[in-house]
Amino acid sequence: MDTTVQDPNPCRVIGVLDDGVASLNATALAYLRHADVVIGGARTLALLARELKPGAVQHDLTGKLKAVPDWVRAARADHQSCVVLATGDPLCHGIAPYLAQHLCVQALDILPNLSTLQLACARIGLAWQDARIVSVHAKDAGEWARGSTPQHGLYGLAQALRRHARLLVLTSPDNSPDRIARLLLAEGLGDDFHMAVVENLLQPEERVLAELSPQDAAGMRFAALNVVLLWRVTPAPRPVQFGLADAAFVQRQPEKGLITKQEVRAVSLARLQLRLDSVVWDIGAGSGSVGLEAARLCPQGHVYAIEKNDADVAIAGQNHAAFGVGNYSLYQGKAPEGLDAWPDPDAVFIGGSGGELATLISMIVARLRPGGNLVMNFVTLENLATATATLDGIEGVAWDVLQLQAARSKPILHMHRMAAENPVWIVCAHREGGEA
């Protein structure tokens, strides 16, 4: 897109800080003082009210973001000069990208200011060039619980904590520093991060809490205007992404079982054809081994797992807590009950069907996104026959069967022998369409 042609009357998007006029350079202040139409939040308009020329039209955008492009268009159509007031840098979780999406780029002239995040880092001397910026400046997200889904307002922050050593967080009065601290504790990261909270920047009551532990911050209260800085103080884990040993998982005792063995798990995960952002269903989760490895392979996606057995739900929960993944939700129930509330999947693994195999297959294939894959493990001829017969009756699905027979070495006296594992049939179904 060619943006070299300057519009003769662009809308000026001006970044403002909480010290008002003092934060504006001469050019920005001149545009503001000569504007016929000024758009901004109620607080910002009040902060700069003395600088507006008599008769200037003011629009409070609080709760009316969708109306802003029309206000700008109307001003430009009447050949009026228009200013939109934003906080800090309008291009950093600000209004400028939204305006650029709804107005042509040439219609905007953006005059950025320092962001509040830059100022907060300056207060405590924290380098921010490699930090991850996360916004939870949204409606009340509620308290975070391990296993929450992507619909939760703190989900992005929970995922970013696993992947970044420094985070700069834009908060809201509801999604506050103490709530963020409780998220860290819920995810088992309370000893891994320190926090800083900077309140009321550039105001007389500014306060800098430079080094808080999440344990302390979780019980504190903070001013409504604040930003949070987080930095890791322990080495980041470097977990194995794929092919974990069976012993890495808690399993049912005294007999180990209800775990998809390593060799079968590796082939099954490969046949799921997972992408970074895949939505995965794990039906009959057992110990959670397949779903938890899938979660590591899909850091930008999410795994939804269901298991009917009380004891196995508890075991899968223990494995979830130990694996350090936040993109995994475990539910207790018998599929297909509850699956209608889950988003359509890119990949589905069935490790157990609870006697509902034909119904499950038909429902899952109907829900699979184009190009999606269904992988099923069976050890009985009856389930194998049911699965292939059901798939045979569904159009638009290609399927195949792989029999996997693994043998592992075991000591015998001073030598070793090969001990065979039970044979497993891996049934793979692919829904046509989608990307290769």
Side-chain angles (χ1 to χ4, degrees), residues 132 134 136 138 140-165 167 169 171 174-195 213-219 228 230 232 234 236-237 239-241 244 248-251 259 277-333 338-339 341-343 349:
R132 171 70 172 177
V134 180
V136 296
D140 189 350
E143 289 292 317
W144 176 261
R146 179 183 288 277
S148 293
T149 67
Q151 285 66 48
H152 196 288
L154 299 180
Y155 183 85
L157 174 59
Q159 306 316 306
L161 287 166
R162 300 290 182 184
R163 300 196 293 270
H164 301 279
L167 297 100
V169 187
T171 64
D174 292 313
N175 300 326
S176 52
D178 53 301
R179 179 174 283 179
I180 292 169
R182 290 191 291 274
L183 180 155
L184 286 161
L185 298 179
E187 286 294 317
L189 298 171
D191 295 328
D192 297 310
F193 282 88
H194 274 337
M195 301 178 63
S213 71
Q215 291 83 354
D216 290 337
V228 171
L230 299 166
R232 180 174 276 279
T234 62
V240 172
Q241 297 295 106
L244 278 79
F249 299 90
V250 177
Q251 301 171 52
I259 182 171
D277 60 352
S278 290
V279 173
V280 183
W281 291 5
D282 182 9
I283 310 296
S287 65
S289 61
V290 172
L292 287 167
E293 279 207 59
R296 284 188 173 173
L297 296 171
C298 308
Q300 299 169 22
H302 196 85
V303 176
Y304 298 81
I306 188 167
E307 170 57 48
K308 66 177 181 176
N309 183 277
D310 292 355
D312 293 318
V313 168
I315 287 171
Q318 291 180 58
N319 286 321
H320 181 202
F323 266 59
V325 295
N327 57 332
Y328 178 89
S329 298
L330 175 65
Y331 299 88
Q332 183 169 1
L339 302 190
W342 293 2
F349 176 77

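Treat the numbers as computed from the prediction; the structure is a model and nothing was measured.
The aromatic rings of Trp342 and Trp281 lie perpendicular to each other, with more than 60° between the two planes, well past the 30° mark.
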- Intermediate values then yes/no, side-chain contact (heavy atoms from CB on, under 4.5 Å), Leu339 and Ile283: CA-CA 10 Å; Leu339 302 190; Ile283 310 296; 4.0 Å; yes

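The ring-ring contact (aromatic ring centres under 6.0 Å, His included) check on Phe249 picks up Phe323, with sequence neighbours excluded. Applying the side chain to side chain contact (heavy atoms under 4.5 Å, CB included) criterion to Asp216, with sequence neighbours excluded, gives Ser213. Residues forming a ring-ring contact (aromatic ring centres under 6.0 Å, His included) with His164 (at least two apart in sequence, or on another chain): none. Not a single side-chain hydrogen bond (donor to acceptor under 3.5 Å, both in side chains) links Ser148 to another residue, sequence neighbours left out. Residues passing the salt bridge (Lys or Arg N to Asp or Glu O under 4.0 Å) test with Arg163, sequence neighbours excluded: none. Qualifying ring-ring contact (aromatic ring centres under 6.0 Å, His included) partners for Tyr328, counting only residues two or more places apart in sequence or in other chains: His320. Every residue two or more places apart in sequence or in another chain that forms a side chain to side chain contact (heavy atoms under 4.5 Å, CB included) with Ala186 is listed here: Trp144. Partners of Ser278 according to the side-chain hydrogen bond (donor to acceptor under 3.5 Å, both in side chains) rule, which considers only residues two or more places apart in sequence or in another chain, do not exist here. Taking the salt bridge (Lys or Arg N to Asp or Glu O under 4.0 Å) definition, one finds that Asp178 meets it with Arg182, Arg221, sequence neighbours left out. Not counting sequence neighbours, the partners of Asn175 by the side-chain hydrogen bond (donor to acceptor under 3.5 Å, both in side chains) test are Arg179. Residues passing the salt bridge (Lys or Arg N to Asp or Glu O under 4.0 Å) test with Arg162 are Glu187, sequence neighbours excluded. Asp191 is linked by a side-chain hydrogen bond (donor to acceptor under 3.5 Å, both in side chains) to Gln215, counting only residues two or more places apart in sequence or in another chain.
Between Leu189 and Arg232 the shortest side-chain heavy-atom distance falls below 4.5 Å.
Environment of CZ in Arg146: crowded, with over 12 heavy atoms of neighbouring residues, nucleotides or ligands closer than 6.0 Å.
Here the closest heavy-atom approach between residue Ala305 and residue Ala285 is recorded as CB-CB, 4.0 Å. Of all the heavy atoms in Glu307 and Gly284, the pair that sits closest is OE1-C, 3.4 Å.
A distance of 6.5 Å separates CG in Leu230 from CD1 in Ile180, rounded to the nearest 0.5 Å.
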